[in-house]
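Labels below follow one simple rule: chain letters A, B, ... track the order of the sequence lines, proteins then strands, and each chain is numbered from 1.
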Protein chains: 2
Amino acid sequence: MSIRYGTPHRSSSHASHYGRPPSTQYGTPAPQGYYGHATPAPGYATTPAPGYGAPPPPGPPPGADPQLWQWFSAVDTDRSGAISVTELQAALVNGNWTRFDLDTVKMLMSIFDTDRSGTIGFNEFAGLWKYIQDWQNVFRHFDRDRSGSIEGAELSEALRSFGYNLSPTLLSLLEQKYASGPSDRYGPPPGITFDRFVRACVVVKTLTEAFQRVDTDRDGWVQMNYEQFMKIVLSAP
Amino acid sequence: MSIRYGTPHRSSSHASHYGRPPSTQYGTPAPQGYYGHATPAPGYATTPAPGYGAPPPPGPPPGADPQLWQWFSAVDTDRSGAISVTELQAALVNGNWTRFDLDTVKMLMSIFDTDRSGTIGFNEFAGLWKYIQDWQNVFRHFDRDRSGSIEGAELSEALRSFGYNLSPTLLSLLEQKYASGPSDRYGPPPGITFDRFVRACVVVKTLTEAFQRVDTDRDGWVQMNYEQFMKIVLSAP
């Protein structure tokens, strides 16, 4: 029996330039050829004055990229030397100026807070920053109509390029779940903003991989109990 | 073999006063004996002036509760006669003044937008308003330490009272997923705000009921394929 779900392509000969979502491995080559770099949210371009009585801000570690240090310091508004979930949420905006969802910000922190401190240090920030830039390039690539959001066909194409060939039913559920609002009876749901697009892709990847781990004989069917089922679902972003 | 998951109590003799989460059936008796009523977000207490050239605001339907109409009109800031997802999100705040997550607002709209118009009309609003009030009473009841948020033990007690006896592993995953931020290495995750508490409870209910529908022989195990699995997960709020 053939495998019922899309296995991410292993062979680079079949993978497109966007053959998989941005990796969390530091040093993965960034997709190139698209315009622009990520910029921090406006209002953070200048260094905030330290609060009255605040300790002097620590300097960058030796060999740090000055521009990256500048961005890190701009996001670290309380000058604590580490970025909290609140600071990160305040710094991240979508193309339509909406804030990132808390769930997306928590997902990013859980990926990059490698020392489990509850905050993002400078070295962790380097990985996070690159990850967001890579996803921004992916988002721009698949936003074919330059609308600033991802619609149904664009989502389908993005997931297919990552190796996930979801059924029309699943694509429609995904589109509704991650859209910025509900559908009305006259048309499709509104598009998916950047932060929710990233979360949707990571959720599909996480759930598919978890399913595949249970599906040891790779026939597309699993047997699982309530505890396993709930654990898989609640562990996804 | 016994059922591995907590079946919601059917017998009212075993159910506590909070034996199940607020129903979406209009007319369910509200839990009583707790203080206060839900109030709209500040800033909406006065009627906004209609925009230049806007049509005159429609009046309340015959027999409408004047107070409910007043609240509805306050939330319907563009005076369209129906509440959009943006208007609803702007009107709903947690005890700590944070906005409701878009996912919670979309969940509320999907429950109460019974005519699938993409907006909430006045009759739909009556149900939504009661549902939020009922959940606020539940939240206050289980927020034993009056912290304004639900912590691990409080979440566990609330779910148990609804008939969901989740394992410590699942409770911990749930607490982390719906907390307002990540855990740091020194302690438990921060608490769960009102909107995320409601979503957590509805997610547990939705996933458990979906699992039970597949588990036709009620032995706590299911066999499902990738399509079924993803459909269940992506259909939950």
Side-chain angles (χ1 to χ4, degrees), chain A residues 3-5 84-86 89 98-99 101-103 105-106 109-110 113 115-119 166-167 169-170 173-174 176-187 189-190 196 203-204 207-208 211-212 214-215 219-237, chain B residues 3-5 84-86 89 98-99 101-103 105-106 109-110 113 115-119 166-167 169-170 173-174 176-187 189-190 196 203-204 207-208 211-212 214-215 219-237:
Chain A
I3 294 174
R4 302 292 177 89
Y5 41 82
S84 69
V85 68
T86 315
Q89 192 173 22
T98 57
R99 289 271 173 88
D101 286 325
L102 177 58
D103 291 289
V105 177
K106 285 179 65 184
M109 294 203 63
S110 76
D113 177 21
D115 66 359
R116 297 282 163 250
S117 61
T119 55
L166 303 187
S167 70
T169 304
L170 294 184
L173 283 172
L174 202 63
Q176 284 170 49
K177 187 173 173 72
Y178 292 96
S180 336
S183 326
D184 65 29
R185 73 189 120 186
Y186 308 110
R196 295 175 72 87
V203 162
V204 168
L207 291 173
T208 303
F211 185 91
Q212 287 173 328
V214 182
D215 180 19
D219 68 351
W221 286 81
V222 296
Q223 196 171 31
M224 61 171 93
N225 63 23
Y226 179 72
E227 182 80 11
Q228 287 175 293
F229 169 73
M230 293 293 279
K231 201 169 158 187
I232 287 175
V233 181
L234 296 177
S235 300
Chain B
I3 295 175
R4 302 290 177 89
Y5 42 79
S84 67
V85 68
T86 315
Q89 191 172 22
T98 57
R99 288 271 172 88
D101 287 325
L102 177 58
D103 291 289
V105 177
K106 282 179 67 184
M109 294 203 62
S110 77
D113 176 22
D115 66 0
R116 297 282 164 251
S117 61
T119 55
L166 303 187
S167 70
T169 303
L170 294 184
L173 283 172
L174 203 62
Q176 285 169 49
K177 187 174 172 73
Y178 291 98
S180 336
S183 326
D184 66 29
R185 73 189 121 188
Y186 308 110
R196 294 174 72 86
V203 162
V204 168
L207 291 173
T208 303
F211 185 91
Q212 287 173 329
V214 183
D215 180 18
D219 69 350
W221 286 81
V222 295
Q223 195 171 31
M224 59 171 94
N225 62 24
Y226 178 73
E227 182 80 11
Q228 286 175 294
F229 169 73
M230 292 294 279
K231 202 171 156 185
I232 288 175
V233 181
L234 296 177
S235 300

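Within the 4.5 Å cutoff, no side-chain heavy atoms of A:Leu174 are placed close to those of B:Met230. Annotation: side chain of B:Asp101 is not in contact with side chain of A:Asp101 (no heavy-atom distance under 4.5 Å).
Side-chain N or O atoms of A:Lys177 include one that pairs as donor or acceptor with a backbone N or O of B:Ala236 at under 3.5 Å. Without hydrogens or angle criteria, A:Lys106 side chain to B:Ser180 main chain gives no donor-acceptor distance under 3.5 Å.
Atoms CD1 and CG, from A:Ile232 and B:Leu207 in turn, are 12.0 Å apart once rounded to the nearest 0.5 Å. For the atom pair OH of B:Tyr178 and CG of A:Leu102, the computed distance is 11.5 Å after rounding to the nearest 0.5 Å. Taking CG from B:Asn225 and CG from A:Asp219, the interatomic distance works out to 9.5 Å, rounded to the nearest 0.5 Å.
Note: A:Phe229 and B:Phe229 have perpendicular aromatic rings, judged against thresholds of 30 and 60 degrees for the angle between ring planes.
Taking A:Ser84, A:Ser110, A:Ser167 one by one and counting their heavy-atom pairs under 4.5 Å with chain B, the maximum is reached by A:Ser167. No other option in A:Arg196, A:Lys231, A:Gln176 has as many heavy-atom pairs under 4.5 Å with chain B as A:Arg196. The candidate with the highest count of non-hydrogen atom pairs below 4.5 Å against chain A, out of B:Val222, B:Val85, B:Asp113, B:Leu173, is B:Val222.
Residue B:Leu170 comes nearest to A:Tyr226 through the heavy atom pair CD1-CE2, 4.5 Å, listed as atom of the first residue, atom of the second, then distance. Looking at every heavy atom in both residues, B:Thr169 comes nearest to A:Glu227 through CB-OE2, 3.9 Å. Listed here is the closest heavy atom pair of A:Gln223 and B:Trp221: CG-CE3, 4.0 Å.
If you measure heavy-atom distances from A:Gln89 to chain B, you find no contacts under 4.5 Å at all.
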